[in-house]
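Values below: all heavy atoms of this structure, side chains included; hydrogens, waters and symmetry mates excluded.
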Amino acid sequence: KALKELRLQIAAYDAFLQQEVLPRAREDFRLPAELYALRLREVGVDIPPAELAARARTAFMEIRNQMVALAPVVARDLGIEASDYREVIRELRSRQVTGEATLPLYRERLAVIEDIIRARKIVTLPEREAIIRLATVAESASVPSPQMKPPPFINNQGERGEFVLPLVMPPVEGEAPARRLEDFTFDAVTWTLTTHEARPGHELQFASMVENGVSLARALFAFNSVNVEGWALYAEAETQPYLPLDGQLIALQFRLLRAARAFLDPGLQQGTVTLDEARRVLVEEVVITEANAEQELQRYTFRAPGQATSYFYGYQRLLDLRASTEVTLGRRFNRQRFHDFVLAQGVLPPALLARLVQDEFIPAELKRGTTRTP
């Protein structure tokens, strides 16, 4: 009875959308310039869209050059008969991981990454294990990519964040098979996804906030995409040099995607980039699947304009803060203590985090001896 009633309500709502909303809708997805600028500020981007796009295009070219150099090495190492980075990535993506093999593989990856973090003194890890689980069928249908489900920040009773892995969904009987989203379910991608979503990325970031007793003001009101995603992408970059070669190439591919987002999103909204041009960049240059490219374009145009730029911008701001701190401290710079300090602050906007580093971290480090880490 309840299901029948729900179906009637959904049908009525659909009719309302068709009859009342769609006739009034704009034909162009572009937001007014002032509203798009506001969207950027809401996610934490505090520079004009044109400047953001210019920085991202430059980074895109530099990252792609690194991939061009690394791909032939990966191919020789794995016996792949290709040298172009696009062909190498497509071959790596063909090595899909499905079913019961998924969870053990990610747990194995996490164990190796944690050993790297400890050996290289990247950041202090907690003694407890990170939680990794398979998504339910409903979760996989809703979000077909790995994700971190953060713990509650208000009235937390010991709950912890969870690194959730999607299931590969079978085609629905009687329907034409959908384009497969294979970008997150192959062997080589597990390295960078684990560093981003689990450790030293989001899982460690959120756990630090809960366990260090970060104030609600910092945990909630400063919680935006630049602050959160910037750390996770930075964590990928810190771990990348120590990964296997195929894992390094895919880490660069994902960083290339973040740079592409930061000039395609504003380009589409400002009318300087067409949908066809954006799709070509994503599929032919970034080398993501057609299905993933379609999701990306929907994200830039109407699902969340501006949000996808936050990864690149947050990473750039944190990298700049790291560089300036290292220059100031010289041989006194200690990477592990710097990262521990950053995580202990919560998800502060870049300018406030920089002020705390300048006022608190640097003076404290100057009082220490020469403890530079590799």
Kindly say whether Leu249 contributes a backbone atom to a donor-acceptor pair with the side chain of Gln253 at under 3.5 angstrom?
no
Separation between CE (Met209) and OG (Ser215), nearest 0.5 Å, reads 9.0 Å
More than 12 heavy atoms of other residues, nucleotides or ligands under 6.0 Å from CD of Gln298: yes or no?
yes
Take Asp115 and Arg120 through the test salt bridge (charged side-chain N to carboxylate O under 4.0 Å, His left out) and record every step on the way to the result.
CA-CA 8 Å; Asp115 287 343; Arg120 298 292 177 172; over 6 Å; no
Any donor and acceptor pair, going by atom type alone, linking the side chain of Asp265 with main-chain N or O of Gly306 inside 3.5 Å?
yes
Could you check whether any side-chain N or O of Thr190 sits under 3.5 Å from a backbone N or O of Asp187, counting only pairs where one atom can act as donor and the other as acceptor?
yes
Flag the pair Arg64 / Leu256 as yes when at least one side-chain heavy-atom distance between them is below 4.5 Å, and no otherwise.
yes
Take Gln240 and Thr192 through the test side-chain hydrogen bond (donor to acceptor under 3.5 Å, both in side chains) and record every step on the way to the result.
CA-CA 8 Å; Gln240 179 220 326; Thr192 194; over 6 Å; no
Could you tell me whether the side chain of Ser142 and the main chain of Glu139 form a donor-acceptor pair under 3.5 Å?
no
Crowding at CD, Gln9 (>12 non-hydrogen neighbours, <6.0 Å)
yes
Approximate separation, where rounding is to 0.5 Å, of Ile132 CD1 and Thr194 OG1
6.0 Å
Where the side chain of Glu87 meets the backbone of Ala82, is there a donor-acceptor pair that is under 3.5 Å apart?
no
With side chains defined as the heavy atoms from C-beta onward, is the minimum distance between Glu285 and Phe60 less than 4.5 Å?
yes
Results of salt bridge (charged side-chain N to carboxylate O under 4.0 Å, His left out) for Glu91 - residues two or more places apart only:
Arg95
Taking all heavy atoms of Ala50 and all of Gln270, pick out the closest pair and write down the distance.
N-NE2, 4.3 Å
Closest non-hydrogen atom pair, Gly44 against Asn224
CA-ND2, 3.7 Å
Exercise: identify the closest heavy-atom pair between Ala198 and Leu110:
CB-CD1, 4.3 Å
Within a strict 4.5 Å, meaning less than it, do heavy atoms of the Tyr313 and Val43 side chains meet?
no
First locate atom CG of Leu193, then atom OG1 of Thr195, and finally report the distance between them rounded to the nearest 0.5 Å.
7.5 Å
Please say whether more than 12 non-hydrogen atoms of neighbouring residues, nucleotides or ligands are located less than 6.0 Å from CZ in Arg7.
no
Answer yes or no: is there an ion pair linking Glu162 with Arg133, defined by an N-O contact shorter than 4.0 Å?
yes
Assess the residue pair Gln157 and Asn155 against the criterion (side-chain hydrogen bond (donor to acceptor under 3.5 Å, both in side chains)); give the C-alpha distance rounded to whole Å, side-chain angles, the decisive distance to 0.1 Å, and a yes or no.
CA-CA 6 Å; Gln157 301 298 316; Asn155 196 29; 2.7 Å; yes
Any ion pair linking Arg107 and Glu129 (charged N to carboxylate O, less than 4.0 Å)?
no
Between Glu326 and Arg331, does any side-chain N to carboxylate O distance fall below 4.0 Å?
no
I'd like to know if the side chain of Asn156 reaches the main chain of Pro152, judged simply by a donor and an acceptor atom lying under 3.5 Å from each other, with no hydrogens or angles considered.
yes
Donor-acceptor under 3.5 Å (Glu277 side chain, Thr274 main chain):
yes
Between Ile113 and Tyr242, is there a side-chain heavy-atom distance shorter than 4.5 Å?
no
Measuring from atom CD1 of Ile122 to atom OG1 of Thr239, what distance do you get when rounded to the nearest 0.5 angstrom?
4.5 Å
Can you get from Leu275 to Val281 by hopping between Ile, Leu, Val, Met, Phe, Trp and Tyr side chains that sit under 4.5 Å apart?
yes
For Tyr106 and Phe163, I'd like to know if the aromatic rings sit close, meaning centre-to-centre distance below 6.0 Å.
yes
Are there over 12 heavy-atom neighbours, none belonging to Arg355, within less than 6.0 Å of that residue's CZ?
no
Apply side-chain hydrogen bond (donor to acceptor under 3.5 Å, both in side chains) to Tyr36 and Arg30, showing your working.
CA-CA 8 Å; Tyr36 182 65; Arg30 289 182 297 173; over 6 Å; no
Before giving the answer on side-chain hydrogen bond (donor to acceptor under 3.5 Å, both in side chains), spell out for Arg299 and Gln307 the whole-Å C-alpha distance, their side-chain angles and the decisive distance to 0.1 Å.
CA-CA 8 Å; Arg299 184 176 186 176; Gln307 189 276 335; 2.6 Å; yes
Start with the C-alpha gap between Glu203 and Arg128, add the side-chain angles, then the distance that decides, and say whether salt bridge (charged side-chain N to carboxylate O under 4.0 Å, His left out) holds.
CA-CA 12 Å; Glu203 190 274 345; Arg128 54 164 181 75; 3.0 Å; yes
Which heavy-atom pair separates Thr289 from Val283 by the least distance, and what is that distance?
O-CG2, 4.5 Å
With distance as the sole test, does Thr58 use its side chain to make a donor-acceptor pair with the main-chain N or O of Ala54 at under 3.5 Å?
yes
Going by the rule ring-ring contact (aromatic ring centres under 6.0 Å, His included), which residues pair with His196 if we only count those two or more places apart in sequence or in a different chain?
His202
Closest non-hydrogen contact found for Arg261 with Tyr300 is CG-OH, 3.1 Å
Parallel, tilted or perpendicular: which one describes the rings of Phe341 and Phe361, with boundaries at 30° and 60°?
tilted
Side-chain contact test, heavy atoms from C-beta onward, threshold under 4.5 Å: evaluate it for Leu264 versus Leu297 and give yes or no.
no
Rounded to the nearest 0.5 Å, what separation is found between the CG atom of Leu31 and the CG atom of Leu38?
10.0 Å
Taking the side chain as C-beta and beyond, is there a heavy-atom pair between Tyr315 and Arg255 under 4.5 Å?
yes
Specify the closest pair of heavy atoms between Gln96 and Glu182, including all atoms of both residues, with the distance to one decimal.
NE2-O, 3.1 Å
Could you walk me through whether Arg39 and Glu34 satisfy the salt bridge (charged side-chain N to carboxylate O under 4.0 Å, His left out) test, starting with their C-alpha distance in whole Å, then the side-chain angles of each, then the deciding distance to 0.1 Å, before giving a yes or no?
CA-CA 9 Å; Arg39 290 287 183 92; Glu34 296 83 0; over 6 Å; no
Determine whether Phe186 and Ser94 make a side-chain contact, defined as any pair of heavy atoms from C-beta on separated by less than 4.5 Å.
no
For Leu321, is there any backbone N or O sitting under 3.5 Å from a side-chain donor or acceptor partner on Ser324?
yes
Kindly indicate whether the side chain of Leu92, heavy atoms from C-beta on, has any atom under 4.5 Å from the side chain of Ile80.
yes
Same cluster or not: are Val226 and Met148 linked, directly or through other Ile, Leu, Val, Met, Phe, Trp or Tyr residues, by side-chain heavy atoms under 4.5 angstrom apart?
no
Given the side-chain rings of Phe302 and Phe29, with only the six-membered ring counted for Trp, is the space between their centroids under 6.0 Å?
no
Using the salt bridge (charged side-chain N to carboxylate O under 4.0 Å, His left out) rule, take Arg279 and Glu284 through it: C-alpha gap first, then chi angles, then the decisive distance, then the call.
CA-CA 8 Å; Arg279 185 177 289 106; Glu284 297 182 14; over 6 Å; no
Once you round to the nearest 0.5 Å, how far does CZ of Arg303 lie from CD of Gln295?
7.5 Å
